[in-house]
Amino acid sequence: MYENMTFENIMDRCLSRVSDSVDKREGSVIYDAIAPAAAELAIMYIELGTIMDRAFPDTAADVDLTKKAQERGVFRQPATFAVRKGYFENAQGGGFEVPIGTRFSGGDINYTVTERIAAGQFKLTAETAGTVGNVYFGTLFPIDFVDGLASATLADVLIPGEDEESDDSLRERYFATLKSQAFGGNIADYKKKVELLQGVGAVKVIPVWNGGGTVKIILLDSEWGVPSSELVESVQADIDPVGHQGEGLGIAPIGHVVTVSGVTGVTIDVSFTLTFASGVTWESVQTEVQAAIQNYFEDLAKVWADSESLIVRVSQIETKILNVEGVIDITGTTINGGTANISLDADSIPVLGVVTNGAS
């Protein structure tokens, strides 16, 4: 907006107001008198441009965007703590009862035992917020002494930890409030509130799915995968607690009976025959090829909530694989044994199964 308000342009404008009968060359008295003020004005215009960017949601960032979004009741989501499942055994291999509150370490993150699931199985909550709590799997090392404990293993991610909401995500939610008004249990209201719950990545809202007043909500977890039963139960309790449904004790308004379920994962096996560049083998690129297909499936999952249904396309799989360095051609691609694209149900996402190269 103020790109033309440079030191040189400001000087030219100021000197143009001085009579030509006066020496206005650089180094003259009048030039040297005006130059400091012109420099300060140039700096002011630079700062003014920055302030204008900070004032509007399409260019604001960090704290400025947080404050701007709050004007419409949209709040940046803080980082949350992962909830994991741990397995504990005594010297005889039986389930070990760990005291609630016992602390363990694994993968540079500390975890605290918070709830018993079954004999030798407990929920642990990461002490560090964010997705870092979802990463480690394997042996846990006790921070507190536990007499009789022989082994401890960190396993399933029950409720994924999430990082603090990014600027892009917050900005998107801000503008969404301008496009669709959330009100009193309409679809926009359910989506807005449920997607803010810990561990939830996206939702589909199906109104009147089982008669008047009924609502079905289907979830993806925040890692764009099939949610755990614990996450589904947690979200159900927050929206419309079982045993008190329709009473308005959760997010759902009075009279709405809400059923929460997780998205269904459909296993997709992929087979093909690859041609490699010189010196490249299937073993050397297998991990990258599988990651390429997995990234495609995650991209599909990210648009699931706004799509009637997903289609797993052979051509897209081939394109992703051909982008892997060292792969120069692909033939004979099949998914689940066939050459046709696979259309999934409205409540389903693809889950990568077995990946096979026919010419290993």
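Each residue takes its place number in the sequence, starting with 1. From a predicted model like this one, the values you see are computed outputs, not experimental measurements.
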#### Entry: Exam field: side chain Lys204 to backbone Ala346, donor-acceptor pair closer than 3.5 Å
yes
### Message
Quick test of your reading of the model: are Glu195 and Arg173 salt-bridged, counting only N-O distances below 4.0 Å?
### Response
no
### Query
Pick from Leu124, Thr102, Leu149: which one makes a side chain to side chain contact (heavy atoms under 4.5 Å, CB included) with Leu140?
Leu124
### Message
Regarding Asp167 and Arg76, does a basic nitrogen lie under 4.0 Å from an acidic carboxylate oxygen?
### Response
yes
### Query
Are Lys192 and Asp189 within salt-bridge range, i.e. N to O under 4.0 Å?
no
### Query
With distance as the sole test, does Asp240 use its side chain to make a donor-acceptor pair with the main-chain N or O of Gln236 at under 3.5 Å?
no
### Message
Ring of Phe122, cation from Arg84 - is the NZ or CZ under 6.0 Å from the centre and inside 45° of the axis?
### Response
no
### Task
Kindly indicate, with the supporting measurements, whether the criterion salt bridge (charged side-chain N to carboxylate O under 4.0 Å, His left out) is fulfilled by Glu127 and Arg103.
CA-CA 9 Å; Glu127 295 182 1; Arg103 300 173 68 224; 2.7 Å; yes
### Query
Judged by atom type as modelled, is there a donor-acceptor pair below 3.5 Å linking the side chain of Tyr190 to the main-chain atoms of Ile251?
no
### Task
Check the surroundings of atom CD in Glu172: do more than 12 heavy atoms from other residues, nucleotides or ligands lie under 6.0 Å from it?
no
### Message
Contact between Phe272 and Thr331 at the side-chain level, heavy atoms closer than 4.5 Å - yes or no?
### Response
no
### Query
So, does Lys191 use its side chain to make a donor-acceptor pair with the main chain of Val203 at under 3.5 Å?
yes
### Query
Quick check: are there more than 12 heavy atoms from other residues, nucleotides or ligands sitting under 6.0 Å from CG of Asp108?
no
### Message
Heavy-atom count check: over 12 atoms from other residues, nucleotides or ligands less than 6.0 Å from Arg13 CZ?
### Response
no
### Message
If I compare all heavy atoms of Ser21 with all of Ser19, which pair ends up nearest, and what's the gap?
### Response
OG-OG, 2.8 Å
### Neighbour count >12 (heavy atoms, 6.0 Å) for atom CZ, Phe56
no
### Query
If you draw a 6.0 Å radius around OH in Tyr45, do more than 12 non-hydrogen atoms from other residues or ligands fall strictly inside?
no
#### Entry: Cationic N near anionic O, under 4.0 Å, Glu97 to Arg116
yes
### Task
Using atom types as modelled and distance alone, determine if a side-chain donor or acceptor of Asn336 lies under 3.5 Å from a backbone N or O of Asp269.
yes
### Message
Salt bridge check, Lys68 against Asp64: does any charged N sit closer than 4.0 Å to a carboxylate O?
### Response
no
### Query
Looking only at atom types and distance, does a side-chain atom of Asp345 sit under 3.5 Å from a main-chain N or O of Ser348, one as donor and one as acceptor?
no
### Query
Does Ser309 offer a backbone N or O that forms a donor-acceptor pair with the side chain of Ser307 under 3.5 Å?
no
